[in-house]
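To start, the structure itself, in structure tokens.
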Amino acid sequence: MRKRYVAVGVYCQRKSTYSYSKKSTYLSDLRKLIKRRKMGLKQTIRSLDAFPRTEEHLLQKTQSGALVSIVGLVIMATLFTHELTYYLTTYTVHEMSVDFKRGETLPIHINMTFPSLPCDVASVDAIDLSGKHEVDLDTNIWKLRLNSHGHIIGTEYLSDLVEKQHTTRNHDDKEHHDGSAKKPHKFSFDKDAENMINKVYGVLDVQRVAGNFHISVHALNIYVAQMIFGGATHVNVSHMIHDLSFGPKYPGLHNPLDDTVRILHDTSGTFKYYVKIVPTEYRYISKEVLPTNQFSVSEYFSPMNEFDRTWPAVYFLYDLSPITVTIKEERRSFLHFITRLSAVLGGTFALTGMLDRWMYRLIKALTTTSARGAFQ
């Protein structure tokens with residue numbers, strides 16, 4: 001019995017040793033196989049490299065290559081700055097739609113100078129299709145008396161001068177007798193009054209319907225106007241439009257009547273400006289919305305003659321478009337910027353590389369030719 005157990009024990013020990021050895025060989029082979037596969041995968045990945053590296057000792061640096069590299073870097077820096085500025089700059093997109101605004105007012109900003117119209121007789125009148133008619137508006141409207149140099153000369157109204165001159169003439173003042181004798185139907189101002197000009201500026205809030213506003217002497221009684229001017233042909237409505245707008249200004253807006261100058265010499269008449277207003281919304285990149293208006297204009301002048309029963313004036317006849325324009329600020333996408341930048345820089349790099357090879361070959365060819373000539 002004891003021998004039998006020993007034999008069995010020896011057999012089991014040998015069998016265990018054999019199994020362990022076989023398992024170790026299997027694991028070793030498996031590791032080698034995995035290693036070979038990894039090496040094969042690395043070789044496959046390396047074969048996909050589009051930018052193979054050259055040994056350092058095989059590279060040759062030249063002065064022409066340095067010159068091309070510097071020029072290329074300058075060009076790439078310039079183009080990068082240009083593309084970055086182009087990306088950061090906003091652009092506008094215009095959209096049109098039907099105007100649904102109701103019950104709102106239309107602001108009219110006006111700033112004008114009348115170099116030949118006395119301050120106190122000038123009035124601003126407004127009328128619209130709804131039947132509203134206002135004469136000699138004074139709300140949010142200011143009139144300044146200026147001298148010939150454009151400086152404010154005080155707050156005395158011309159009515160005080162008219163009254164003073166009228167009283168003096170009734171007492172047969174000799175100082176102004178000659179002027180009255182020459183033109184018995186025309187009031188003669190003193191030197192200070194003749195130097196006065198009128199500047200009108202302010203804001204009119206009118207209804208959003210077609211209408212007009214005009215600057216004239218219509219606020220005067222016809223007999224008073226006849227006494228002051230001696231007739232409609234003596235009323236000079238020469239004017240300078242410094243600013244005329246229908247709402248706040250937005251970037252890029254140009255009002256066509258700004259800095260308009262119309263001066264009459266030895267004549268009189270009525271100016272009419274036909275204005276077409278287009279409601280506009282300007283949306284900033286910050287999503288802020290600015291409601292305003294832009295407009296186009298056409299001009300007409302009607303000369304005055306002695307038989308006309310109307311008085312000269314400056315008319316602004318306006319009408320509103322049923323279409324509103326929305327102007328939105330937008331910025332180009334970042335992916336668009338990256339695409340353009342890659343194209344520009346990559347193209348510049350490729351072009352400078354081609355130029356470097358051509359210059360190298362040209363210099364090498366010239367050097368070889370010179371060497372052969374010297375050897376011969």
Side-chain angles (χ1 to χ4, degrees), residues 110-127 133-148 150-170 176 179-180 182-202 204 212-242 244 261-273 301-306 308-316:
I110 180 174
N111 186 357
M112 299 178 63
T113 298
F114 290 84
S116 302
L117 194 63
C119 186
D120 198 50
V121 301
S123 65
V124 181
D125 310 328
I127 186 173
H133 188 189
E134 298 182 84
V135 180
D136 196 13
L137 294 170
D138 57 1
T139 303
N140 295 331
I141 296 294
W142 292 266
K143 293 187 292 185
L144 300 179
R145 285 170 36 217
L146 310 175
N147 59 17
S148 58
H151 300 137
I152 300 175
I153 60 175
T155 59
E156 181 180 273
Y157 286 100
L158 199 57
S159 57
D160 299 331
L161 297 176
V162 172
E163 183 178 356
K164 179 178 65 176
Q165 290 284 29
H166 184 64
T167 304
T168 305
R169 191 177 65 171
N170 289 340
H176 302 285
S180 300
K182 293 180 182 179
K183 295 183 179 180
H185 298 292
K186 182 179 179 180
F187 186 81
S188 177
F189 303 109
D190 61 10
K191 185 175 181 180
D192 293 335
E194 291 177 354
N195 289 335
M196 293 182 184
I197 61 177
N198 177 44
K199 182 176 182 180
V200 180
Y201 69 96
L204 298 176
N212 76 80
F213 68 95
H214 53 277
I215 302 173
S216 64
V217 296
H218 292 169
L220 291 177
N221 182 281
I222 184 72
Y223 300 105
V224 176
Q226 187 72 24
M227 181 188 67
I228 295 177
F229 295 101
T233 56
H234 297 126
V235 178
N236 190 339
V237 291
S238 298
H239 58 278
M240 292 170 282
I241 304 175
H242 306 292
L244 179 66
V261 178
R262 298 292 181 267
I263 303 297
L264 298 176
H265 300 282
D266 302 326
T267 186
S268 181
T270 296
F271 291 90
K272 292 184 179 180
Y273 297 95
F301 174 73
S302 176
M304 188 69 60
N305 57 59
E306 296 181 357
D308 288 335
R309 303 182 62 179
T310 59
W311 289 79
V314 179
Y315 283 87
F316 297 90

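Worth knowing before you read on, the calculation uses all heavy atoms, side chains too, and leaves out hydrogens, waters and symmetry mates. On a predicted model such as this, the values are computed, not experimentally measured, just so you know.
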**Prompt:** So H234 and F229, ring-ring contact (aromatic ring centres under 6.0 Å, His included) or not? Walk me through it.
**Reply:** CA-CA 6 Å; H234 297 126; F229 295 101; 8.7 Å; no
**Prompt:** For L264 and R262, what are the C-alpha separation, side-chain angles and deciding distance, and is it a side-chain contact (heavy atoms from CB on, under 4.5 Å)?
**Reply:** CA-CA 7 Å; L264 298 176; R262 298 292 181 267; over 6 Å; no
**Asked** Given the rule in the side-chain contact (heavy atoms from CB on, under 4.5 Å) test, do T310 and M304 qualify, once you have shown the distances and angles that lead to the verdict?
**Response** CA-CA 9 Å; T310 59; M304 188 69 60; 4.1 Å; yes
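The shortest distance between side-chain heavy atoms of I141 and L204 falls below 4.5 Å. Put simply, the side chain of N212 reaches to within 4.5 Å of the side chain of I127, judged on heavy atoms. The shortest distance between side-chain heavy atoms of H239 and I215 does not fall below 4.5 Å. In this structure, L117 and V217 have side chains that are in contact, with non-hydrogen atoms separated by less than 4.5 Å.
With rounding to the nearest 0.5 angstrom, the NE2 atom of H214 is 4.5 Å from the OH atom of Y315. Rounded to the nearest 0.5 angstrom, W311 CH2 and T233 OG1 are separated by 8.5 Å. Atom CZ of F271 is separated from atom CD1 of I241 by 9.5 Å, given to the nearest 0.5 angstrom. Atom CG of L144 and atom OG1 of T113 lie 9.0 Å apart (nearest 0.5 Å).
Heavy atoms only, all atoms of each residue included: S216 and P312 are closest at CB-O, 3.7 Å. Smallest separation of non-hydrogen atoms from A122 and K143: O-NZ, 2.7 Å. Contact between N111 and Y201 at its shortest, heavy atoms only, is OD1-CB, 3.7 Å.
The aromatic rings of Y273 and F316 sit parallel, their planes meeting at an angle under 30°, below the 60° perpendicular limit.
Side-chain atoms of S268 come within 3.5 Å of backbone atoms of V235 as a donor-acceptor pair (strictly under, hydrogens ignored).
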